[in-house]
2 protein chains.
Amino acid sequence: MTRSATSTGEHTGRIARRRVDKFEERRRELGDAALQTLSELGYARTSLRDIAQNSGFSHGVLHYYFHDKFDLITYCVRRYKAVCVQRYDDVVTTASTASGLAAEFAAAMVATLVEDAVLHRLWYDLRSQSLFEESFRADVAEIDASLERMIERVVRRYAELAGTPSVCGAPMAYAMFDGIFQQALLRQLSGDPSAPEDLRAGVVQMLAVVTGTCERQ
Amino acid sequence: MTRSATSTGEHTGRIARRRVDKFEERRRELGDAALQTLSELGYARTSLRDIAQNSGFSHGVLHYYFHDKFDLITYCVRRYKAVCVQRYDDVVTTASTASGLAAEFAAAMVATLVEDAVLHRLWYDLRSQSLFEESFRADVAEIDASLERMIERVVRRYAELAGTPSVCGAPMAYAMFDGIFQQALLRQLSGDPSAPEDLRAGVVQMLAVVTGTCERQ
DNA sequence: AGGAAATCTTGACACTCGTCCAAATTCGTT
DNA sequence: AACGAATTTGGACGAGTGTCAAGATTTCCT
């Protein structure tokens, strides 16, 4: 019984701050180890001992920094969002033409498909879990919402640069991009070498589709 | 050591047939119990004892009809396909106008969203599992492919009736419809009462989008 | 009816799991 | 250096897991 009440009477706020920092720092460290382990093994088969082993600490320490397993997983989900969402923001601002934006956005999606594949599969795993465990839904919905806003910014900007309004709302646009990314991820993890290029082409084409600026085929 | 080698010498094929039938019948029965249990609890938390309890048999019988847990799960996945894919086939053939097809197809999707929500969440759960367990990928990919063909038939027929060719290929079309269905499922299971109607409108609009026949908004 | 094969039950096994806790260790202050 | 608090360890617990096999029960043919 040492933490979580910030414990004893401290005169100077500096000491308390330092301690909180250190506590939070280790939490983050353990959270990252958990994130890595979860993205390796998946939610169904990741135990606290697996996570501890990946962190270099013993398994008992996890209950010192997290109340229980659910607390740890929730922390990981929130941390995933921090890692993931920020990635596309500069893409929107730097592009000056519709095709340029499309190319840059597609390149960014392909990059994260290749580099962060295991992290993304964890996301889809946890989102599926939220279909069964109600306690996950709030966090999952929040991440979904922020991803939807990200897509909305991209589509809106693309439509602006192309001069034609979008033909569908943000929820549908997000669902569509999420759908092709998910398919691309499955193929990427299956070792399909054409998955990145297909995703790139798909993203570019889908931006054209949602703004009605694509030719028939 | 009784089955799987079809065992001893039988003179009449009729007897063997009957036995195989009975064996397969019970396999199906247990598979359905497993399907129900999995769709209730999710892959991560379903044990063989849970499944047995839902089937009315003891837990030992599962290893009489299935080699191991993976064998059972695989059987369930294949059975899901049989249950699920056949549902839309008559929709395509009966419709005679584009808007009629759209309405009927959307209605069918809404119906299965409402009635088979727990079954669909199992599908997304198992597809996520296939991102981690390579042994699932073949079956998952096969189901994905047959769903893609189903979507392709609908979109192709719709484009035919509307007189305008589709603006994207089957993989992208499937990814898009899968995306909005997944979002709708999440909202449906969260208790959002507008999820069915939103899905209906989304499907209709998406058919218009992929054929380039929708007005700007 | 009798007996063999098929089917089902039951209990056990070797693990792994999340959780907890007392002891050991490290850290920061005086 | 020394003391108290914070941190870390490692073992223990009870519950739950998949798997297996021996025995009980049912089914079916002669």
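Throughout, a chain's letter reflects where its sequence line sits, starting with A, and its residues are numbered from 1.
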| field | Listed partners of Tyr158(B) passing ring-ring contact (aromatic ring centres under 6.0 Å, His included), at least two apart | value | none
| Residues from residues 66-73 of chain B lying under 4.0 Å of DNA chain D - heavy atoms | Asp68(B), Lys69(B)
| said: Between Arg127(A) and Asp144(A), does any side-chain N to carboxylate O distance fall below 4.0 Å? | reply: yes
| query | Between dC17(C) atom P and Tyr43(A) atom OH, what is the distance in whole Å? | reply | 13 Å
| query | So, Phe70(A) versus Phe136(A), ring centres under 6.0 angstrom or not? | reply | yes
| Residues which pass salt bridge (Lys or Arg N to Asp or Glu O under 4.0 Å) with Arg28(A), listed by chain and number, not counting sequence neighbours | none
| Rounded to whole angstrom units, what separation is found between the CG atom of Asp21(A) and the P atom of dG28(C)? | 13 Å
| said: For dC28(D) and Lys22(B) - does any side-chain N or O of the residue sit under 4.0 Å from the phosphate oxygens OP1/OP2? | reply: yes
| remark: Residues at least two apart in sequence or cross-chain that pass salt bridge (Lys or Arg N to Asp or Glu O under 4.0 Å) with Asp192(A), listed by chain then number, are Arg187(A)
| said: Suppose we screen for salt bridge (Lys or Arg N to Asp or Glu O under 4.0 Å). Which residues come up paired with Glu29(B), at least two apart in sequence or across chains? | reply: Arg26(B)
| task | Please identify each residue that fulfils ring-ring contact (aromatic ring centres under 6.0 Å, His included) with Phe181(B), with sequence neighbours left out. | result | His120(B)
| task | Take the protein atom NE2 of His63(B) and the nucleotide atom P of dA21(D), then report the distance between them rounded to whole Å. | result | 11 Å
| query | Between residues 49-58 of chain A and DNA chain D, which residues have a heavy-atom gap below 4.0 Å? | reply | Arg49(A), Phe57(A), Ser58(A)
| query | Counting only side-chain N and O atoms of Ser47(B), is one of them less than 4.0 Å from OP1 or OP2 of dG16(D)? | reply | no
| field | Residues that Tyr75(B) engages under ring-ring contact (aromatic ring centres under 6.0 Å, His included), provided they are two or more places apart | value | Phe66(B)
| said: Output the rounded distance in Å from CG (Leu62(B)) to P (dT9(C)). | reply: 10 Å
| With Tyr80(B), which residues qualify under ring-ring contact (aromatic ring centres under 6.0 Å, His included), at least two apart? | Trp123(B)
| request: List in chain and number order the residues that pass side-chain hydrogen bond (donor to acceptor under 3.5 Å, both in side chains) with Arg27(B), two or more places apart in sequence or in another chain; answer none if no residue qualifies. | output: none
| request: State which residues pass salt bridge (Lys or Arg N to Asp or Glu O under 4.0 Å) with Arg149(A); sequence neighbours excluded, sorted by chain then number. | output: none
| Which of residues 125-137 of chain B sit near DNA chain C, with a heavy atom under 4.0 Å from it? | none
| Atom CG of Leu41(B) to atom C1' of dG16(D): distance rounded to whole Å? | 14 Å
| field | Distance, rounded to the nearest Å, where His59(B) contributes NE2 and dG18(D) contributes P | value | 10 Å
| Rounded distance (Å) that lies between atom P of dG18(C) and atom CZ of Arg45(A) | 14 Å
| Protein-nucleotide distance (Tyr64(B), atom OH; dT9(C), atom P), rounded to Å | 12 Å
